[in-house]
Student: 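Structure incoming, see below.
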Amino acid sequence: MRALRLNDWKSEPELVELPAPEPGPGQVVVKIGGAGACHSDLHLMHDFEEGGLPWSPPFVLGHENAGWVHALGSGVRGLDVGQPVAVYGPWGCGSCGRCLRGAENYCEKPWEAPTPGGGGGLGLDGGMADFMLVPAARLLVPLPDGLDPVHAAPLTDAGLTPFHAVRRSWGKLGPTATAVVIGVGGLGHMAVQILKATTSARVVAVDTRPEALKLAETLGADLVLPSGPDTAAEIRKATPHRRGADVVIDMVANDVTLATAGAAARMLGDVTVVGLGGGSLPVSFTTPAYEVSVQSTYWGTRPELGEVLDLAARGMLVPEITTFPLTEAVTAYRRLASGELTGRAVIVPTQDR
Ligand code: NAD
Ligand code: ZN
Ligand code: ZN
């Protein structure tokens with residue numbers, strides 16, 4: 001089969017020919033219908049080096065995947081060959097307290113997971129290939145009617161990660177609240193929709209690119225703002241008494257955007273760090289405002305993936321996608337890196353087969 005493999009740190013991936021995987025006991029092989037191109041893959045290609053993560057190349061990229069059940073290992077029940085499925089991406093041990101609750105993103109025994117803190121496309125072979133091996137049937141979520149694998153793929157990360165970040169702040173997102181999304185790319189354009197679909201808060205979207213802000217507007221953002229030194233003041237100006245935003249979700253998280261997030265957050269608000277931009281947010285007695293909670297979040301839980309798929313199947317969350325055949329995957333990443341894409345790029349291996 002064809003596969004887009006990252007061979008080494010500090011390099012671009014390469015399309016290679018690999019043997020198609022065979023399922024062992026309890027495992028499932030998925031025929032890939034779609035594999036999303038995440039900005040995290042660009043961080044993997046350019047920002048990490050040996051020792052920076054508990055695993056290393058070579059492995060096939062693609063950690064947001066959906067497709068059809070292709071082959072079942074012995075003992076797998078409840079799935080049929082040909083059935084459309086989404087792959088839950090963070091693969092934990094499956095048996096610790098967090099994994100039992102479906103929060104494999106926060107597995108407490110990562111050394112017993114297939115690869116510590118990773119999954120397919122993150123240390124193990126992922127879905128930018130014709131087929132992908134999924135090590136346990138519990139990691140597959142059947143697609144609801146009305147959702148195809150090409151649109152489902154980006155929901156498993158670009159949808160699930162912001163859903164988890166928004167959901168944990170639901171209690172602060174009532175009718176008089178303001179939520180801010182910084183970075184309206186693959187994750188951010190889903191965050192805007194998730195906020196509109198699941199809360200009554202006003203939504204402010206911030207980006208450096210006019211096309212991204214235009215997309216945010218189309219998706220229902222109440223206010224869009226260019227990212228810059230005055231953004232926090234502009235956000236405050238848009239709230240009653242300049243009190244600031246109840247929730248700020250930073251999909252970029254460099255020093256500049258975290259400064260904006262910290263300065264824009266209202267007393268008792270949330271600042272949630274999702275981007276891997278490498279910035280930091282200084283904390284002192286007076287800044288950020290009193291009782292602002294700052295947290296980073298990693299991906300989401302399996303039950304939340306079910307909720308995301310349900311929202312999408314009902315048309316309340318529609319990923320904006322550009323598709324590429326597997327042979328054009330490197331081009332897709334280059335276009336993502338240069339800021340030429342809006343929404344999410346999805347690699348569709350069946351497109352040139
Ligand atoms: P993306 O490239 O699709 O989107 C990033 C957006 O941020 C773009 O629209 C870009 O124009 C905008 N941007 C860049 N600099 C900006 C600035 N200074 N101010 C405002 N906007 C700015 O990327 P993505 O795939 O959505 O991923 C976003 C980040 O989230 C990446 O760092 C990625 O690694 C990370 N990520 C984290 C998790 C997690 O679980 N925490 C999961 C997936 C991705
Ligand atoms: Zn990702
Ligand atoms: Zn676990």
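All of these numbers come straight from a predicted model, not from anything done at the bench. Atoms within each ligand, like the ligands themselves, are counted from 1 in listed order.
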Student: Students should be able to answer this: which protein heavy-atom is nearest to atom 41 (N) of ligand 1, and at what distance?
Tutor: Thr297 O, 2.8 Å
Student: Please could you name the atoms of ligand 1 that Ser227 approaches to less than 4.0 Å, counting only its heavy atoms?
Tutor: 17 (C), 18 (N), 19 (N), 20 (C)
Student: Considering the heavy atoms of Thr161, write down every atom of ligand 1 situated less than 4.0 Å from one of them.
Tutor: 38 (C), 39 (C), 40 (O), 42 (C)
Student: Given Pro210, Gly185, Ala253, which one has a non-hydrogen atom that is nearest to atom 4 (O) of ligand 1?
Tutor: Gly185
Student: In ligand 1, which numbered atoms sit nearer than 4.0 Å to a non-hydrogen atom of Leu336?
Tutor: 2 (O), 3 (O)
Student: Starting from atom 27 (O) of ligand 1, which protein heavy atom do you reach first, and at what distance in Å?
Tutor: His39 CB, 3.4 Å
Student: Heavy-atom contacts under 4.0 Å between Leu276 and ligand 1: side chain, backbone, both, or neither?
Tutor: both
Student: For ligand 1 and Gly186, I'd like to know whether there is a polar contact (N/O to N/O, distance under 3.5 Å).
Tutor: yes
Student: Compare every heavy atom of Ala232 with every heavy atom of Ala264, then report the nearest pair and how far apart it is.
Tutor: N-CB, 4.0 Å
Student: Among protein heavy atoms, which lies nearest atom 26 (O) of ligand 1, and at what distance?
Tutor: Leu187 N, 2.9 Å
Student: Please report the C-alpha distance between Tyr88 and Leu160 in whole Å, then the side-chain angles of each, then the deciding distance to 0.1 Å, and finally whether the side chain to side chain contact (heavy atoms under 4.5 Å, CB included) criterion is met.
Tutor: CA-CA 9 Å; Tyr88 175 65; Leu160 176 57; 4.0 Å; yes
Student: Find the distance between CE (Met1) and CE (Met132) and round it off to the nearest 0.5 Å.
Tutor: 10.0 Å
Student: Just jot down the ligand 1 atoms closer than 4.0 angstrom to any heavy atom of Asp157, in number order.
Tutor: 42 (C), 43 (C)
Student: With heavy-atom distances below 4.0 Å as the criterion, list the atoms of ligand 1 near Gly275.
Tutor: 29 (C), 30 (O), 32 (O), 35 (C)
Student: Which heavy atom of Ala165 sits nearest a heavy atom of Val274, and at what distance?
Tutor: CB-CG2, 4.2 Å
Student: If you measure from the Lys or Arg side-chain nitrogens to the Asp or Glu carboxylate oxygens, is any gap between Glu234 and Lys237 under 4.0 Å?
Tutor: yes
Student: Should Ala212 be counted as touching ligand 1, given the test is an N or O pair under 3.5 Å?
Tutor: no
Student: Which heavy atom of the protein is the closest neighbour of atom 36 (N) of ligand 1, given with residue, atom name and distance?
Tutor: Ser40 OG, 3.5 Å
Student: Give the numbers and elements of all ligand 1 atoms closer than 4.0 Å to a heavy atom of Val184.
Tutor: 9 (O)
Student: To the closest 0.5 Å, what do you measure between CZ (Arg344) and NE2 (His189)?
Tutor: 8.5 Å
Student: Looking only at non-hydrogen atoms, find the nearest pair between Pro135 and Pro114 and report the distance.
Tutor: CG-CG, 4.0 Å
Student: Ser284 and Thr287: side chain to side chain donor-acceptor pair (under 3.5 Å), yes or no, with the steps?
Tutor: CA-CA 5 Å; Ser284 68; Thr287 57; 2.9 Å; yes
Student: Measuring from the Zn ion (ligand 2), count protein N/O/S atoms under 2.8 Å, please.
Tutor: 3
Student: Considering only protein heavy atoms, which is closest to atom 29 (C) of ligand 1, and at what distance to one decimal place?
Tutor: Met251 O, 3.0 Å
Student: Using the salt bridge (Lys or Arg N to Asp or Glu O under 4.0 Å) rule, take Arg5 and Asp125 through it: C-alpha gap first, then chi angles, then the decisive distance, then the call.
Tutor: CA-CA 8 Å; Arg5 191 171 64 185; Asp125 286 347; over 6 Å; no
Student: Kindly indicate whether the side chain of Asp41, heavy atoms from C-beta on, has any atom under 4.5 Å from the side chain of His63.
Tutor: yes
Student: Taking non-hydrogen atoms only, is Asn105 closer than 4.0 angstrom to ligand 1 via side chain, backbone, both or neither?
Tutor: neither
Student: Quick one, Leu4 and Ile347 - any side-chain contact, counting heavy atoms below 4.5 Å?
Tutor: no
Student: For the Zn ion (ligand 3), which protein N/O/S atoms fall under 2.8 Å? Skip waters.
Tutor: Cys93 SG, Cys96 SG, Cys99 SG, Cys107 SG
Student: When the ring planes of Trp9 and Phe48 are compared, do they come out parallel, tilted or perpendicular, using 30° and 60° as the limits?
Tutor: tilted
Student: So Met128 and Leu15, do their side chains get closer than 4.5 Å, heavy atoms only?
Tutor: no
Student: Find out whether Met251 and His39 are in side-chain contact, i.e. whether some heavy atom of one side chain is under 4.5 Å from a heavy atom of the other.
Tutor: no
Student: Quick one: closest heavy-atom pair of Ala179 and Leu173, and the distance?
Tutor: CB-CD2, 3.8 Å
Student: Is there a heavy atom in Cys38 that sits closer than 4.0 Å to ligand 1?
Tutor: yes
Student: Rounded to the nearest 0.5 Å, what separation is found between the CG atom of Leu147 and the CG atom of Leu155?
Tutor: 6.0 Å
Student: Among all protein heavy atoms, pick the one closest to atom 40 (O) of ligand 1 and tell me residue, atom and distance.
Tutor: Trp299 N, 2.7 Å
Student: Near Gln295 CD, under 6.0 Å, is it more than 12 heavy atoms from other residues, nucleotides or ligands?
Tutor: yes
Student: In ligand 1, which numbered atoms sit nearer than 4.0 Å to a non-hydrogen atom of Thr208?
Tutor: 11 (O), 13 (N), 16 (C), 17 (C), 18 (N), 19 (N), 20 (C), 21 (N), 22 (C)
Student: Can you report which non-hydrogen protein atom sits closest to atom 31 (C) of ligand 1, along with the distance?
Tutor: His43 NE2, 3.6 Å
Student: Would you say Arg209's side chain and Thr342's backbone share a donor-acceptor pair under 3.5 angstrom?
Tutor: no
Student: Evaluate the side-chain proximity of Ser280 to Asp255: yes if any heavy-atom separation is below 4.5 Å, no if none is.
Tutor: yes
Student: Please state which part of Val256 comes within less than 4.0 Å of ligand 1, counting heavy atoms only: side chain, backbone, both or neither.
Tutor: neither
Student: Under 4.0 Å from a heavy atom of Tyr298: give me the atoms of ligand 1 that qualify, with their elements.
Tutor: 40 (O)
Student: Taking the side chain as everything from C-beta on, heavy atoms only, tell me whether Thr115 gets closer than 4.5 Å to Phe59.
Tutor: no
Student: Leu133 versus Gln27: any side-chain heavy-atom pair under 4.5 Å?
Tutor: yes
Student: Classify the contact between Val252 and ligand 1 as side chain, backbone, both or neither, using a heavy-atom distance cut-off of under 4.0 Å.
Tutor: side chain
Student: Measure the shortest side-chain to side-chain distance between Asn65 and Val30 over non-hydrogen atoms and say whether it is less than 4.5 angstrom.
Tutor: no
Student: Closest non-hydrogen protein atom to atom 11 (O) of ligand 1, residue and atom name please, with distance?
Tutor: Asp207 OD1, 2.6 Å
Student: Do any heavy atoms of Thr257 fall under 4.0 Å from ligand 1?
Tutor: yes
